[in-house]
Amino acid sequence: LTIDPHPSLVNQESCRWELVDPRKAEDFIRTTYTSCHHELPCSIARDADYWNYLFNNRASAQYYQLTDGSSEPLGYLCLNQEGESLRLLDYAVGEEGQRQLASSLIQFAKVHHFQKITGWMPWEPPFSDDFALRPRKQEITMIKSLDSQWVIDPTIQQAAGRFHEIDHV
């Protein structure tokens, strides 16, 4: 199923969604991911081979470029439909666009009559404010330092909460 954004999704708190071919928008997606995650104390580095794997492994997923009212790119998100659920697989949006992403994701699901939104979301605002988040029962985020000098402290553990389902192996 191709999910097309509905015109009513554009409002003051929301953002515009443009369906993009991930191969044609690969530079934008990669650059956006890197710029949104590079300042976190812990993130997953995605090289060209890894991006190729992600695009091939999620061939049915749909990528959307998000823009604000001025048409400036806010970021992207990757969705998949699973029955009556909309699954958030991946996204990269700067801090200033987090609220717009959460708001427009809820609107999108309502307009397209999805019963729920699933996927991995960080346990922090706006996601913790706008969604009834539940702990994952089966998939867990595990990190292990390969460098004995690197200490996994609470800041690192919190940053790992921003890992995306698409990176889960």
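Computed over heavy atoms, backbone and side chain alike; hydrogens, waters and symmetry mates excluded.
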side-chain hydrogen bond (donor to acceptor under 3.5 Å, both in side chains) between Tyr64 and Gln62, intermediate numbers included: CA-CA 7 Å; Tyr64 292 88; Gln62 295 186 326; 3.1 Å; yes

Side chains of Leu66 and Val93 in contact at under 4.5 Å (non-hydrogen atoms): yes

Close side-chain approach of Ser60 to Asn80, heavy-atom, < 4.5 Å: yes

Minimum heavy-atom distance between Thr32 and Gly75, given as atom pair plus value: CG2-CA, 3.7 Å

From CA spacing to verdict: ring pair (Phe, Tyr, Trp, His ring centres under 6.0 Å), Tyr33, Tyr91: CA-CA 8 Å; Tyr33 175 86; Tyr91 71 93; 9.6 Å; no

Residues Arg46, Asp90: salt bridge by 4.0 Å N-O rule: yes

Donor + acceptor pair across side chains of Arg87, Thr118 (<3.5 Å): yes

Side chains of Ser103 and Gln107, donor plus acceptor under 3.5 Å: yes

Full working for side-chain contact (heavy atoms from CB on, under 4.5 Å) between Leu105 and Leu86: CA-CA 9 Å; Leu105 189 56; Leu86 183 64; 4.0 Å; yes

The single option from Tyr76, Phe28, Phe55 passing side chain to side chain contact (heavy atoms under 4.5 Å, CB included) against Pro22: Phe55

Set of side chain to side chain contact (heavy atoms under 4.5 Å, CB included) partners for Asp21, sequence neighbours left out: Arg23, Lys24

Side chain to side chain contact (heavy atoms under 4.5 Å, CB included) against Ser35, all qualifying residues, sequence neighbours excluded: none

Stepwise side-chain contact (heavy atoms from CB on, under 4.5 Å) check, Phe114 with Ser85: CA-CA 5 Å; Phe114 287 104; Ser85 297; 5.6 Å; no

